[in-house]
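Worksheet for the structure shown next.
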Amino acid sequence: MRNTLPLWDRLTNVPGDVPRELSRYYVYWKIFYVFAGIDHALVLITFYQAGVYAMVIANIFSVGVFVAASLLLRKGWYQFAYWIAIGELVVHGILATICVGSQFAFTNYTFLVVILLFIQPFYSWRVSFVLAVATVASAAVVTDYSLNNSPLYVMSPDWASTMIIRQVVGWPIFVLIMVLPFILASARAETDLAAAYAESERLLLNILPESVARRLKSSTEMIADDRESVAILFADIVGFTALSARMSPKDVVTLLNDVFYAIDELVAKYGLEKIKTVGDAYVIAAGLPDPIDDPNGKIAKLAIELLETIANFRRLSGNDRLEMRIGINSGRVVAGVIGNRKFAYDLWGDAVNVAARMEETGVAGKIQVPTEFAKGLQGRFTFEPRGAIDIKGKGLIQTSFLVGELPGND
């Protein structure tokens with residue numbers, strides 16, 4: 001059995017060879033040609049019954065024009081189809097006004113033509129404006145002619161009433177038919193644009209902190225911040241390279257995704273900022289991009305809870321024990337956005353380098369910090385002295401392990 005589409009689907013179907021930028025115009029023109037052909041056929045009957053035979057012939061020709069326009073449109077002759085349709089509207093309106101007079105509002109063809117002139121992809125609005133002025137001028141000339149000259153046909157009162165009613169009802173319907181597709185298309189475009197904007201915002205906020213994203217969108221100036229008191233945490237999954245060698249790629253990505261998702265939740269809980277992930281390493285900052293109260297205390301609390309959270313993933317990696325090595329430091333930091341394509345918000349400074357070394361020289365399942373950092377949190381957290389560690393570029397630094405939080409520390 002032949003598979004047929006409903007009439008509306010047929011009217012709004014766009015062949016695959018129609019250029020994308022012309023697709024909505026294609027549908028618009030096709031609908032207009034169909035309805036214009038039907039309308040002229042109905043007017044033909046009215047003129048025939050009223051004895052206006054010149055317009056009967058003109059309407060037969062008009063129906064043929066719109067059939068031809070539909071065929072030309074299907075063949076890809078878009079501009080030719082467009083212009084013969086406009087030409088028909090102007091010629092038909094002028095002839096009808098000369099034949100039966102201006103009282104039947106056939107000069108309203110200007111509404112349709114002006115709409116067509118501005119809803120098209122071929123010419124600039126300046127060209128459309130000039131053509132629209134010429135169209136209105138033609139209507140003014142033929143109206144003046146009809147007011148000073150008798151029409152070629154005098155319609156009987158009954159047919160005159162029928163024609164007037166038809167024109168009063170018909171022209172608004174035609175204007176609606178012409179404008180409605182573009183109103184609907186604009187509404188869809190606005191909805192799609194809003195959805196695309198929301199998605200771009202979501203993606204941007206996955207790359208940059210919210211305040212940085214706002215600054216990046218509102219200004220072309222370089223984003224570079226200098227913060228005196230920032231706490232930085234580096235975390236790395238111990239032995240993950242060897243572990244991943246025994247896992248399928250899908251399992252590796254799944255495990256990392258689950259672990260980092262859990263860390264993301266903790267970062268959000270404490271109001272801190274995820275800076276980046278590099279492989280199986282994760283970098284967090286407290287006090288960036290905007291200063292916060294007690295950055296050291298908050299990042300210490302996060303680190304303790306992070307070790308507890310990672311312990312829950314041991315069973316996901318089979319018999320291998322999943323552990324994390326964490327290093328923390330604080331101090332002056334410079335941060336900013338680098339790159340102009342795959343840009344990133346990153347941070348630099350001696351405090352950052354020391355935090356990274358705290359993680360690199362740390363111990364699995366422990367949180368290593370400089371003793372100076374530990375002194376600032378005495379009375380709130382417990383620490384276990386480790387001793388001096390040789391840090392590249394810094395020499396010997398006294399370090400401690402952050403063990404836990406003392407009761408009553410809110």
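The chain is numbered in sequence order, starting from 1. Just so you know, these numbers use all the heavy atoms, side chains as well, and skip hydrogens, waters and symmetry mates.
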Open item on the list: With salt bridge (charged side-chain N to carboxylate O under 4.0 Å, His left out) as the rule and sequence neighbours excluded, what pairs involving residues 228-242 come up?
Closed with: Glu228-Arg332, Asp236-Arg325
- [ ] Can you run down the side chain to side chain donor-acceptor pair (under 3.5 Å) pairs that involve residues 43-58, sequence neighbours left out, and say none if there aren't any?
- [x] none
Open item on the list: Nearest 0.5 angstrom please: Leu256 CG to Thr277 OG1, how far?
Closed with: 8.5 Å
Task: Pairwise distance CD(Glu359) to NZ(Lys366) - rounded to 0.5 angstrom - done: 15.5 Å
Task: Tyr33 side chain vs Ala81 backbone, donor-acceptor pair below 3.5 Å - done: yes
Open item on the list: Consider side-chain contact (heavy atoms from CB on, under 4.5 Å). Of Asn108, Leu116, Thr110, which one does Leu89 pass it with?
Closed with: Leu116
Open item on the list: With rounding to the nearest 0.5 angstrom, report the CD1 to CG distance, Ile304 to Leu302.
Closed with: 9.5 Å
TODO: Measure from the side-chain N and O atoms of Arg227 to the backbone N and O of Pro289, and report whether any donor-acceptor pair falls under 3.5 Å.
DONE: yes
- [ ] Measure the CG-CH2 distance between Leu73 and Trp29 for me, rounded to the nearest 0.5 Å.
- [x] 7.0 Å
Open item on the list: Going by the rule side chain to side chain contact (heavy atoms under 4.5 Å, CB included), which residues pair with Ala137 if we only count those two or more places apart in sequence or in a different chain?
Closed with: none
Open item on the list: Tell me which pairs pass side chain to side chain donor-acceptor pair (under 3.5 Å) where either residue lies in residues 67-80, with sequence neighbours left out.
Closed with: Gln79-Tyr123
Task: Set of residues satisfying side-chain hydrogen bond (donor to acceptor under 3.5 Å, both in side chains) with respect to Ser102, sequence neighbours excluded - done: Ser146
TODO: Check whether the ring centres of His92 and Tyr109 lie less than 6.0 Å apart, and answer yes or no.
DONE: no
TODO: Using the ring pair (Phe, Tyr, Trp, His ring centres under 6.0 Å) rule, collect all pairs that involve residues 247-266, keeping only residues at least two apart or in two chains.
DONE: Phe260-Tyr282
Open item on the list: Between Asn59 (side chain only) and His40 (backbone N and O only), is there a donor and an acceptor less than 3.5 Å apart?
Closed with: yes
Open item on the list: Does atom CZ (Phe129) have a neighbourhood of more than 12 heavy atoms from anything else shown, all under 6.0 Å?
Closed with: no
TODO: Give a yes or no on this: more than 12 heavy atoms of other residues, nucleotides or ligands lie within 6.0 Å of atom CG of Asn149.
DONE: yes
TODO: Find the distance between NZ (Lys276) and OH (Tyr345) and round it off to the nearest 0.5 Å.
DONE: 12.5 Å
Task: Heavy-atom pair of closest approach, residues Ala262 and Thr309 - done: CB-CG2, 3.8 Å
TODO: Kindly compute the distance separating CG (Leu306) from CD1 (Ile284), expressed to the nearest 0.5 Å.
DONE: 6.0 Å
Open item on the list: Is it the case that the side chains of Asp251 and Ser248 hold a donor-acceptor pair, with the cut-off being a distance below 3.5 Å and no angle test?
Closed with: yes
Open item on the list: Could you tell me if the side chain of Asp294 sits less than 4.5 Å from the side chain of Ile292, heavy atoms only?
Closed with: no
Open item on the list: Donor-acceptor pair, distance only, cut-off 3.5 Å: does the side chain of Asp39 make one with the backbone of Phe35?
Closed with: no
- [ ] Return the set of residues passing side-chain hydrogen bond (donor to acceptor under 3.5 Å, both in side chains) with Asn148 (not counting sequence neighbours), or none when no residue passes.
- [x] Asp144
Task: Results of side-chain hydrogen bond (donor to acceptor under 3.5 Å, both in side chains) for Asp280 - residues two or more places apart only - done: none
Task: With Leu42 via side chain to side chain contact (heavy atoms under 4.5 Å, CB included) - residues at least two apart - done: Ile38
TODO: Test Val369 against Phe401 for side chain to side chain contact (heavy atoms under 4.5 Å, CB included), laying out the working first.
DONE: CA-CA 6 Å; Val369 302; Phe401 291 126; over 6 Å; no
Open item on the list: Between Glu405 and Lys301 (salt bridge meaning N to carboxylate O under 4.0 Å), is one present in this structure?
Closed with: yes
TODO: Output yes when a side-chain donor or acceptor of Gln120 lies under 3.5 Å from a complementary backbone atom of Phe122, and no otherwise.
DONE: yes
Task: Partner set under side-chain hydrogen bond (donor to acceptor under 3.5 Å, both in side chains) for Glu305, not counting sequence neighbours - done: Lys269, Tyr270
Open item on the list: Quick one, Val100 with Met155, criterion side chain to side chain contact (heavy atoms under 4.5 Å, CB included). Give me CA distance, side-chain angles, the key distance, then yes/no.
Closed with: CA-CA 7 Å; Val100 298; Met155 299 184 72; 3.9 Å; yes
Task: Listed partners of Ala231 passing side chain to side chain contact (heavy atoms under 4.5 Å, CB included), at least two apart - done: Ala286, Pro295, Asn296, Ile299, Ser330
Task: Ile389: side chain to side chain contact (heavy atoms under 4.5 Å, CB included) partners, not counting sequence neighbours - done: Thr361, Gln368, Arg386, Ile391, Thr399
